[in-house]
There are 2 protein chains.
Amino acid sequence: MTGNTRPGGRTARVRGAVLQAAGDALAEHGLAGLDLADVARRAVVGKTTVYRRWGTVAGLVADLLLDMAEQSLPRADTGSLAGDLRANARLVQRTLSDPRQGALFKAVIAAATSDPRTAEALHGFYRTRIREWAPCVDLATARGEVPAGTDPDEVIRAVSAPLYYRLLASGDPVDEAAADTAAEAATAAARAGVFVR
Amino acid sequence: MTGNTRPGGRTARVRGAVLQAAGDALAEHGLAGLDLADVARRAVVGKTTVYRRWGTVAGLVADLLLDMAEQSLPRADTGSLAGDLRANARLVQRTLSDPRQGALFKAVIAAATSDPRTAEALHGFYRTRIREWAPCVDLATARGEVPAGTDPDEVIRAVSAPLYYRLLASGDPVDEAAADTAAEAATAAARAGVFVR
DNA sequence: GTCATAACGGTGCTCCAGTTCCGTTTAGTC
DNA sequence: GACTAAACGGAACTGGAGCACCGTTATGAC
């Protein structure tokens, strides 16, 4: 976001403390209850600093998202598409149903609906995540598990989508059963050739 | 929400004008840019009235949602599960990709992430929608298109989920191709017995 | 047609999120 | 280890969202 000219000790420390505090605050009160002055207090940092470096709530959330994107979740390789997709589904499920992480994702997605810059950061985040997992579909294609020409990105999206729908829209529980169903549905659809470009 | 004791002409007119104005404002600026004073101005209604009857942004959005839920989208009956699900997917797709409606859904979902009462209203909205469409899965089961015991709600959710995921998370286009893919994927998974309880 | 009161609406006030100002600290350079 | 400027932090300021007060209008009951 900023701080490219002098990224040394203090600046990095401030950024870390503020992002940590922002994450805590979002997980507690949600996006609507986010107050930059409160974040500054939690981070033991001057209010002015937060306003100067991030300016708005949306800016802060976007930076938080960049920080989250850096912690990539490693892809599994179980030897079968069903196994790989199930591993992915459970990873997403654990993230979304974790009290802190789940609340954080809700808040970030909510912020992205209003602010284009946050939305761009969010889309980039998912592009990264999807790219990380797409190879397991390519492997499945090579093994002949799914038809040639199957769109890997579309398969990975199909695994996550039902879990996000539950989290954000329907309010149904995001549990392991939901994760397994999502993975199996994506596998069945991929085998049937639905995702062939 | 309120107005049960004297729901006559003026009260109803005010509610209508305010909800209309709130919808317009949300579609234009998103949730973050929603200002109750601005809504009052658009509705040509006293600012005091809006604060008294709805109190907060979340309260207003929740009421807006109740209003939206009353306009139910009729279920199709094409004679095949694939056809019915495609019709449902395209209906959802047209709603979400419509500039006004799409923005409205984004805003409402964003509001629900922070406010429990709005969340409850939102979940009720989707329960209604899903219940409206679930019978087409029961018909398919009766026709033998999908295994006995297939969970209707789960199938309907599976159709919408990828479209909402695109709208809110990945940012990929919510077009007709996406709708058809979603419907086909749900159909294939249902046929494979993934949604058997 | 009269009456009681639910609901509306204008005005003015309050409080705090967001900004400005300026002095202080510390990272990076030679 | 001395110097420059980037970044921080405290304090005082400000605009507007949200609230309180009170007079006005229209609804529903008789």
Side-chain angles (χ1 to χ4, degrees), chain A residues 1-22 24-26 28-64 67 107 110-111 114-115 117-118, chain B residues 1-22 24-26 28-64 67 107 110-111 114-115 117-118:
Chain A
M1 177 112 284
T2 63
N4 293 326
T5 49
R6 190 183 268 190
R10 182 172 62 169
T11 299
R13 217 158 39 238
V14 166
R15 182 173 118 108
V18 169
L19 292 187
Q20 173 74 33
D24 292 346
L26 280 179
E28 270 180 44
H29 312 298
L31 182 71
L34 190 64
D35 166 22
L36 296 201
D38 175 53
V39 170
R41 234 174 292 122
R42 287 170 186 256
V44 194
V45 149
K47 187 172 68 148
T48 316
T49 301
V50 176
Y51 279 105
R52 186 175 20 234
R53 281 189 63 180
W54 290 279
T56 66
V57 168
L60 180 57
V61 170
D63 196 29
L64 186 62
D67 194 58
S114 282
D115 182 69
R117 287 206 348 275
T118 307
Chain B
M1 177 112 282
T2 64
N4 292 328
T5 50
R6 190 182 271 189
R10 182 171 62 169
T11 300
R13 218 161 34 241
V14 165
R15 177 171 183 244
V18 169
L19 292 186
Q20 173 73 35
D24 292 346
L26 280 178
E28 270 181 45
H29 313 299
L31 182 71
L34 190 65
D35 165 22
L36 296 202
D38 174 53
V39 170
R41 234 174 291 123
R42 287 171 186 256
V44 194
V45 148
K47 188 173 67 151
T48 316
T49 301
V50 177
Y51 279 105
R52 186 179 18 238
R53 281 189 64 180
W54 291 277
T56 66
V57 168
L60 181 56
V61 170
D63 197 29
L64 185 62
D67 194 58
S114 282
D115 182 68
R117 287 205 350 273
T118 308

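Quick note on labels: first sequence line is chain A, next is B, and so on, each numbered from 1. Note that the structure is a prediction, hence the values are computed from the model and not measured.
- When all heavy atoms of B:L34 and B:A25 are compared, the closest pair comes out as CD1-CB, 3.6 Å.
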- Task: Begin from the C-alpha positions of A:D63 and A:R53 and carry the test salt bridge (charged side-chain N to carboxylate O under 4.0 Å, His left out) through to its verdict.
- Result: CA-CA 10 Å; A:D63 196 29; A:R53 281 189 63 180; 5.8 Å; no
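- On a pure distance criterion of 3.5 Å, a polar donor-acceptor pair joins the side chain of B:R52 and the base of C:dG9.
- You'll find a donor-acceptor pair under 3.5 Å spanning the side chain of B:T48 and the base of C:dG10, going by distance alone.
- For C:dG18, the base has a donor-acceptor partner in the side chain of A:K47 [N/O atoms by modelled type, under 3.5 angstrom].
- Between the CZ atom of B:R53 and the P atom of C:dA7 there is a distance of 8 Å, rounded to whole Å.
- Looking only at distances, no side-chain donor or acceptor of A:S114 sits under 3.5 Å from a matching main-chain atom of B:G30.
- With contacts defined as side-chain heavy-atom distances shorter than 4.5 Å, the pair B:L26/B:L64 qualifies.
- B:R41 places its CZ atom 14 Å from the C1' atom of D:dG18, with the value rounded to the nearest Å.
- For B:D35, the listed nucleotide lying nearest its side chain is D:dA17; candidates were D:dA17, D:dC8, C:dA17.
- Across the protein-nucleic acid pair, A:R15 atom CZ and D:dA7 atom P stand 13 Å apart, rounded to whole Å.
- Straight-line distance from the CG atom of A:L60 to the C1' atom of C:dG18: 14 Å, rounded to whole Å.
- Taking the side chain of B:L36 as heavy atoms from C-beta on, and the options D:dT27, D:dG18, C:dG18, the nearest nucleotide is D:dG18.
- The interatomic distance linking B:Y51 (OH) with D:dA20 (P) rounds to 12 Å, in whole Å.
- When the P atom of D:dA7 is taken as reference, atom CZ of A:R13 falls 15 Å away, rounded to whole Å.
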